[in-house]
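Worksheet: one structure, shown below.
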Amino acid sequence: MRPDLLKGHLDTLLLAVLEGGAQHGYAVIEALRTGSAGALDLPTGTVYPALHRLERAGLITSEWETVRGRRRRAYRLTAAGQAALGEQRAVWDQFSTAVTAVLTRQPWPAAT
């Protein structure tokens, strides 16, 4: 997948991955990869800066943990992150419906 297609959506994807519970950075990368059947195979240099940005924004929090003698940082969604994810999902639903309507030449769904 072209990196420019991901622009603007990475934060939402990371929040969605963390919705299932705390995960360390590599597990987040793996969840993106496996959840997308390999289409979202992102380098650490893309994911970790985004995680740090989300933490500075208060949407996730992190803490150090030791697993099998190795220290690693586990990231977890905050209440603000959960709220932001809900809002971003609604925006994505509207955006993807509009793009699909245009690309497939289907009429825009009627408002309910």
Side-chain angles (χ1 to χ4, degrees):
M1 182 171 296
R2 294 186 351 234
D4 60 315
L5 295 176
L6 188 59
K7 192 173 186 114
H9 304 290
L10 178 59
D11 291 359
T12 303
L13 292 167
L14 294 173
L15 294 175
V17 165
L18 292 172
E19 186 177 34
Q23 296 187 53
H24 60 87
Y26 185 74
V28 169
I29 292 169
E30 280 298 306
L32 288 170
R33 183 181 301 126
T34 58
S36 67
L40 299 175
D41 189 10
L42 305 178
T44 58
T46 297
V47 174
Y48 282 103
L51 289 170
H52 297 155
R53 183 177 60 253
L54 290 170
E55 187 170 21
R56 284 191 307 273
L59 302 178
I60 64 173
T61 188
S62 68
E63 59 187 37
W64 286 101
E65 61 183 23
T66 303
V67 177
R68 294 187 296 272
R70 296 183 65 194
R71 281 180 35 113
R72 62 187 183 188
R73 188 173 287 276
Y75 298 90
R76 150 183 348 271
L77 205 57
T78 64
Q82 185 66 51
L85 178 58
E87 292 169 9
Q88 291 171 14
R89 277 189 171 130
V91 169
W92 174 258
D93 286 344
Q94 184 177 25
F95 174 76
S96 63
T97 299
V99 169
T100 299
V102 171
L103 292 177
T104 61
R105 298 179 184 198
Q106 299 296 315
W108 179 268
T112 56

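Legend: residues meeting side chain to side chain contact (heavy atoms under 4.5 Å, CB included) with V102, ordered by chain and number and at least two apart, are absent.
Remark: T46 OG1 to I29 CD1 distance equals 8.5 Å, nearest 0.5 Å. The structure places CD of Q88 at 10.5 Å from NE2 of H9, a figure rounded to the nearest 0.5 Å.
Under the 4.5 Å side-chain heavy-atom criterion for grouping Ile, Leu, Val, Met, Phe, Trp and Tyr, F95 is connected to L103 within one hydrophobic cluster.
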Taking only distance into account, with no hydrogens and no angle test, what donor-acceptor pairs under 3.5 Å do side-chain atoms of residues 52-61 form with protein atoms, sequence neighbours excluded?
{"residue": "H52", "atom": "ND1", "partner": "Y48", "partner atom": "O", "Å": "3.3"}
{"residue": "R53", "atom": "NH2", "partner": "D11", "partner atom": "OD1", "Å": "2.6"}
{"residue": "E55", "atom": "OE1", "partner": "S62", "partner atom": "OG", "Å": "3.2"}
{"residue": "E55", "atom": "OE2", "partner": "S62", "partner atom": "N", "Å": "3.1"}
{"residue": "E55", "atom": "OE2", "partner": "S62", "partner atom": "OG", "Å": "2.6"}

Margin query: For R71 and E65: C-alpha separation, side-chain torsions, deciding distance, then whether salt bridge (charged side-chain N to carboxylate O under 4.0 Å, His left out) applies.
Written below: CA-CA 6 Å; R71 281 180 35 113; E65 61 183 23; over 6 Å; no

Next item on the list: Start with the C-alpha gap between L18 and L51, add the side-chain angles, then the distance that decides, and say whether side chain to side chain contact (heavy atoms under 4.5 Å, CB included) holds.
Entry: CA-CA 10 Å; L18 292 172; L51 289 170; 4.2 Å; yes

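Within the 4.5 Å cutoff, side-chain heavy atoms of L6 are placed close to those of L13.
The main-chain N or O of G81 is found under 3.5 Å from a side-chain atom of T78 such that the two form a donor-acceptor pair.
Evaluation of the side-chain hydrogen bond (donor to acceptor under 3.5 Å, both in side chains) test over residues 89-104, restricted to residues two or more places apart or in two chains, returns E19-R89.
Nearest heavy atoms, V17 versus Q23: O-NE2, 3.1 Å. The heavy-atom pair separating A50 from L14 by the smallest distance is CB-CD1, 3.4 Å. In plain terms, the two heavy atoms of S36 and L32 that are nearest each other are OG-O, 2.8 Å.
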